[in-house]
Structures are given as C-alpha cells and as structure tokens.
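Working notes for the structure below.
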Amino acid sequence: MNSRGAWALIRGTWLSWMQYRSFFFLLAFGWMISPLVYMFVWATAAGSQSIGGLTRAGFIAYYLVLILVNQLTYSQTNWTVGDMIREGRMNQLLLRPLHPIFDAFAQEIAGKVVYLALDVPVVMILALILKPDLNPHPEQIPAFILALLMAWLLRFFWGYALALLAFWATRASALLPIQDTLIFLLAGQVAPVMLLPGPVKTLAVLLPFRYMVGFPVEILTGQLDASGITLGLAIQAGWLAAALVLSGVTWIQGVKRYSAVGG
Amino acid sequence: MQGLRLIGQFVRASAQEETAYRLNFWISLLQAFLELGAGVLAVYILFSQVENIHGWTFSGTLALLGVYLTAQGLRSLFIGPSLESLAGMDGEVWSGRLDFTLLKPVPIQFLASVRKWRLFSFFDLLLGLGVIGAAIWQMGTEVTLERLLMFALAMLAGTTILYAILLAFSAFVFWSPAVLFTWVFDAVMQMARYPVGLYPGWLRMVLTWVIPVGLITTVPAEAVTGTLGWGMLALVMVAAIVLVIGASLLFRIAVKRYASASS
C-alpha cells in the first residue's frame with residue numbers, strides 16, 4: 001500500500017477544506033440542533049425526577065456525548081463519492097495508483113477535524129452551563145473506544161455502499177431521507193434506545209442503526225451492564241462485517257458498469 | 001387583478017415544470033409520509049414515558065406537530081422555493097441574474113415571493129391539517145366557532161411571521177450571498193417542533209423575541225388546546241404586522257445594495 005500517498009491525500013484534503021471552514025461550521029451547526037432539541041425536551045420532561053433511570057443531568061450528558069459521537073461517525077460519502085460518480089469525476093480517481101476509497105477516507109478524516117473544531121468548544125460551553133452528570137467507570141472506557149471505532153467504520157462502509165448505488169441509479173440519493181429517518185428513530189436520537197416502546201426497541205437492537213450512533217453513547221453514560229455491552233459489540237461486529245462485504249461487492253459490480261458522464 | 005393573474009401564470013408554469021419529473025412525485029410522497037410517521041412516533045415515544053410536560057399533553061403536542069407540518073407545507077408551497085432562488089452560489093444575487101428580475105414591471109418583493117410554486121406541498125398541507133384534526137379528535141372536546149376563529153387568526157399570524165423571517169433572511173443574502181441562510185433557518189425551525197414552554201427560560205426568550213419561530217407553532221397549537229386568550233392573540237397579530245413591515249423595509253434596503261455581478 002502506498003502510505004505516503006495516502007497521507008499526502010489526507011493532508012491536502014484537510015488543508016483545502018479548512019479554507020471553507022465557515023461553510024462547514026454552518027453544516028455542523030445544523031447537525032447539532034436536532035439532538036439539542038431532544039436534549040432540552042427530555043431534560044424538561046425529567047424535571048426533578050428520573051425517567052427510566054435517567055435524571056435531567058443524565059439526559060444532558062447522554063445528548064452532549066451523542067452530538068460528538070454523531071459528528072465523529074457521520075458519513076458524508078454520498079456527497080464526496082456519490083456526487084463524483086453522478087458527475088463523472090470518478091475518472092480521475094480511477095486513474096490514480098491508489099484505490100479510490102482512500103480519497104473517501106481522506107475527505108472523511110479532513111471533515112471530522114473541521115467539524116470537531118466547532119463541535120468540541122460548543123459542547124464544552126454547553127456542559128459548563130447545563131452541568132451534565134457523566135461519570136463513566138474506568139473499565140467502560142476501552143469498550144466505549146472500541147464501540148466508537150466500529151460505529152465509525154460501520155457507518156462509513158454502510159454509507160459507502162449506499163453512495164456506490166449511484167453507479168446504477170442517478171437518483172439513488174433519494175434513499176438518504178429514509179436512512180436519516182431510521183437513524184433519527186432507531187439510533188438513539190429521538191430518545192435513548194432503552195426508552196423506546198417494545199417493538200420499536202426490538203427493531204432498534206436488531207438493525208444496524210443503533211450501532212452507528214447510540215450504542216457507544218449508551219456505554220459511556222453507563223446505561224448498559226457487562227452482558228449488554230458484550231452482546232452489543234457482537235451485533236455491531238456482525239453488521240460491520242456485513243457492511244464491509246456489501247461495500248466490496250457493490251464496488252466490484254459497480255465499477256464494471258461505470259461509464260463516465262460528461263468528459 | 002393583475003397580481004392574482006400573475007400568480008395564476010406562475011402556478012401554471014411551475015406545474016408544467018414539475019410534471020416533467022414524474023419519479024420525483026413518488027419520492028416526495030414517500031418523504032411526506034416518512035416525515036409524518038417519524039414526527040408522530042417522536043411525540044408518541046416522549047409521551048409514553050411522561051403524561052404531561054409543563055401542561056402539554058400528547059394530544060396538545062400532536063396538534064402542535066400538525067401546525068408545524070402545515071406551516072412547513074405552506075412554506076414549501078411557494079415562499080421557500082421563490083425566495084431560495086435568490087440565495088446561494090448559483091442564486092440570482094451571486095450570479096447577477098437578478099438584473100432580469102429587477103427589470104420586470106412588477107414590485108420586486110412581490111415577484112421574489114410568489115414566482116415559484118411546488119404544488120406537491122398541497123399534500124403536505126393536507127397531512128398537517130389531518131394531524132391537527134386527529135389531535136382534536138383525541139382531545140374529545142367540542143369545537144366551538146370561537147376557537148375555530150382563533151385558530152384561523154393564529155395560523156394566519158404564524159404564517160405571516162414565518163414569511164417575515166424568511167424575507168429578512170433573504171435580505172441578508174445581499175450582504176453575504178454565499179452563506180447558507182436556508183440551512184441555518186431550517187436548523188432553527190426544528191426548534192418549533194415542540195412548544196416553546198418545553199425549553200429552558202433563556203432559549204424560550206430567544207425563540208419568542210429574537211428569532212420568533214416559537215410563536216409560529218406554539219400560538220396556533222394553544223388555540224387548539226384552548227389555552228390561548230384573546231389578549232395574547234391580539235399581541236401576536238400586532239407582532240406579525242410589525243415583523244412583516246420591518247422585513248419588507250430591510251428587503252428594500254438590501255435590494256438597493258445590489259450592484260449586479262461583473263461580466
């Protein structure tokens with residue numbers, strides 16, 4: 001593998017993105033609002049008692065961590081890869097002596113750094129004002145880091161496979177609102193997964209969306225016991241493997257079909 | 001009347017444009033139902049844990065969701081699409097295409113506000129009104145003529161405020177044409193999904209006095225639940241008139257700043 005080339009790609013992409021930081025800051029601001037709405041609503045609902053074991057300060061901690069995790073795992077490949085296929089710019093990448101997935105990775109890492117440059121200070125200020133209740137057990141930290149890493153990879157490869165559908169249909173991006181709605185409902189945004197009513201909760205545990213955002217947050221805020229964490233990590237690893245296979249297959253099949261648009 | 005005849009022409013032209021993309025109809029239909037389902041489920045999940053938050057019950061919050069969907073439907077019917085063609089990198093202000101709009105013998109604010117229609121949003125509107133109806137049915141209270149009148153007036157005031165805010169945001173486009181004002185507004189508008197009473201004091205102030213999106217949905221929803229007094233309604237109607245006059249003045253000043261684009 002050409003690691004020097006890959007590194008240069010990441011650095012170059014990051015520097016060029018930092019030029020337009022106000023644009024990306026606005027994007028990050030928009031992504032933050034929806035979790036904030038639910039944080040305020042649940043914190044008010046909890047008032048001075050607790051709902052399902054979560055107090056007002058517990059909800060605030062949950063959603064502040066969720067904002068960061070959501071941003072860290074957010075997959076933007078539908079714009080960075082999907083648009084490239086739709087507009088025919090994929091040609092240049094295919095000519096490089098480097099798999100095009102490195103370009104997606106470079107944009108992914110560059111984006112994360114730019115978004116976090118806004119998110120971390122905002123979340124810290126909110127934490128100072130709202131006083132969340134967050135005291136994770138030391139033994140939960142490694143599980144959290146592992147779950148976060150897998151969440152990012154799962155969301156990235158899942159998003160990559162979805163973006164590659166652009167090889168077949170130019171309007172494949174119409175699937176995005178469906179995915180966004182499922183993430184909103186099942187990944188722990190509208191409420192922590194354990195507060196969801198029966199059948200919805202079962203769905204959330206089985207489908208991959210919780211393992212893209214909510215699962216690591218649940219570990220860090222201490223909502224899961226040891227067996228819950230182990231089971232979750234196993235399901236997450238299974239979905240990650242499935243996403244890897246899926247994105248590999250769509251790539252191989254898709255690139256065969258690819259005939260550049262434009263010139 | 002010339003104004004109405006022009007609007008008729010704009011509606012016809014937009015309808016012809018829209019029917020050219022038939023697949024979009026099905027995608028929009030799917031999205032409308034997704035938005036509806038996710039919204040109702042979000043309210044249901046919240047109220048499956050608590051019965052009453054600061055005086056708001058399930059049916060009251062459901063009514064507010066209906067108002068939110070109706071207001072968003074009205075917005076995307078013509079206000080949004082018309083004003084959005086000013087903003088952004090390919091917008092009229094940035095590219096200088098506003099020259100042609102300015103030259104037309106019609107007041108610029110009128111033309112900029114009604115020229116583009118998205119007829120599908122009639123369906124969004126109907127769904128929103130349906131949700132309000134379902135909420136009233138849930139409440140099981142009698143609908144008096146007085147309350148109906150209050151609701152209609154509150155809805156009118158709310159929509160006027162929505163228009164005023166969007167017009168003011170469009171005026172800012174003349175100062176910095178590349179900023180994503182729609183994205184910012186969409187993010188802030190998310191806050192209007194829940195009653196302003198569910199937010200902490202400082203945020204309630206912002207949503208009532210600084211960017212009054214809270215009024216757009218909370219006041220009509222209060223008319224449905226019967227907690228709105230005539231005094232408050234009169235106040236909001238005055239606020240709506242003041243806001244729309246202020247936004248129109250701002251828009252006029254903004255248009256004067258326009259210096260076309262170099263060519």
Side-chain angles (χ1 to χ4, degrees), chain A residues 20 22-47 49-52 54 56 59-60 126 129-130 169-186 189-201 204, chain B residues 21-56 61 68 88-89 176 178-204 207 213:
Chain A
Y20 305 100
S22 65
F23 172 80
F24 293 108
F25 283 2
L26 278 183
L27 284 185
F29 164 78
W31 286 320
M32 239 187 286
I33 294 291
S34 180
L36 280 179
V37 168
Y38 288 92
M39 178 183 85
F40 286 128
V41 168
W42 279 108
T44 311
Q49 349 142 14
S50 74
I51 299 172
L54 281 175
R56 190 186 153 276
F59 275 113
I60 291 170
L126 283 173
I129 301 172
L130 302 166
T170 37
R171 285 303 308 262
S173 59
L175 288 173
L176 280 185
I178 303 176
Q179 172 173 263
D180 285 348
T181 309
L182 288 172
I183 286 188
F184 166 75
L185 286 174
L186 302 176
Q189 234 196 68
V190 65
V193 166
M194 60 166 191
L195 293 184
L196 296 177
V200 186
K201 187 178 168 184
Chain B
Y21 304 96
R22 250 162 265 168
L23 180 64
N24 273 351
F25 173 82
W26 296 105
I27 293 171
S28 303
L29 196 70
L30 186 70
Q31 281 177 10
F33 278 113
L34 267 178
E35 165 90 344
L36 175 75
V40 173
L41 213 61
V43 175
Y44 173 77
I45 289 167
L46 180 64
F47 284 95
S48 64
Q49 297 291 340
V50 276
E51 223 158 77
N52 179 319
I53 310 172
H54 287 197
W56 286 89
T61 315
Y68 176 84
M89 297 281 228
S176 40
V179 176
L180 300 162
F181 286 110
T182 344
W183 176 259
V184 176
F185 180 79
D186 278 340
V188 179
M189 187 71 190
Q190 291 260 324
M191 297 250 168
R193 280 175 162 272
Y194 287 90
V196 280
L198 295 198
Y199 294 113
W202 57 274
L203 190 56
R204 206 179 309 156
L207 296 180
V213 291

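Per chain, numbering begins at 1; letters A, B, ... match sequence-line order.
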Handout entry: Which portion of A/Leu182 sits near chain B, non-hydrogen atoms under 4.5 angstrom
Key = neither
Problem - Option that, when pairs with chain A are counted at under 4.5 Å, heavy atom only, ranks first among B/Trp56, B/Tyr194, B/Tyr199, B/Trp183 - result: B/Trp183
Completion exercise
Between A/Ile33 and B/Ala187 the two heavy atoms that sit nearest each other are CG2-O, 3.1 Å
Fill in the blank from the handout: All heavy atoms of A/Thr44 vs all of B/Leu198, minimum pair found to be OG1-O, 2.5 Å
Exercise for the section: Against chain B, label A/Leu195 side chain, backbone, both or neither, depending on which of its atoms sit under 4.5 Å from a heavy atom there. Expected result: both
Practice task
Could you look at A/Ala45 and say if it's the side chain, the backbone, both or neither that has a heavy atom under 4.5 Å from chain B?
Solution key: both
Exercise for the section: Identify which part of A/Leu27 has an atom lying under 4.5 Å from any heavy atom of chain B, answering side chain, backbone, both or neither. Expected result: both
Problem - Contact origin within B/Ile53 toward chain A - heavy atom pairs under 4.5 Å - result: side chain
Practice task
Examine whether an atom of B/Trp26 lies under 4.5 Å from a heavy atom of chain A, and if so say whether it belongs to the side chain, the backbone or both; otherwise answer neither.
Solution key: neither
Exercise for the section: Mind checking the CG-CG spacing from B/Leu34 to A/Asp180? Nearest 0.5 Å is all I need. Expected result: 10.0 Å
Exercise for the section: Check whether B/Gln190 gets within reach of chain A through its side chain, its backbone, both or neither, counting any heavy atom under 4.5 Å. Expected result: both
Practice task
Looking only at non-hydrogen atoms, find the nearest pair between A/Phe29 and B/Val184 and report the distance.
Solution key: CE2-CG1, 4.2 Å
Completion exercise
All heavy atoms of B/Ile45 vs all of A/Trp42, minimum pair found to be O-CH2, 4.1 Å
Problem - Greatest number of heavy atom pairs closer than 4.5 Å to chain B - which of A/Leu130, A/Ile51, A/Val200 - result: A/Ile51
Exercise for the section: Go through B/Leu46 and A/Val41 one step at a time and tell me if the side chain to side chain contact (heavy atoms under 4.5 Å, CB included) criterion holds. Expected result: CA-CA 9 Å; B/Leu46 180 64; A/Val41 168; 3.4 Å; yes
Problem - Which portion of A/Thr181 sits near chain B, non-hydrogen atoms under 4.5 angstrom - result: side chain
Exercise for the section: With a 4.5 angstrom heavy-atom cut-off, could you sort out which part of A/Pro197 is near chain B: side chain, backbone, both or neither? Expected result: side chain
Exercise for the section: Under 4.5 Å heavy-atom distance to chain B, tell me which part of A/Leu185 shows up: side chain, backbone, both or neither. Expected result: side chain
Handout entry: Where A/Tyr38 and B/Ala42 come nearest, the two heavy atoms and their spacing
Key = OH-CB, 3.9 Å
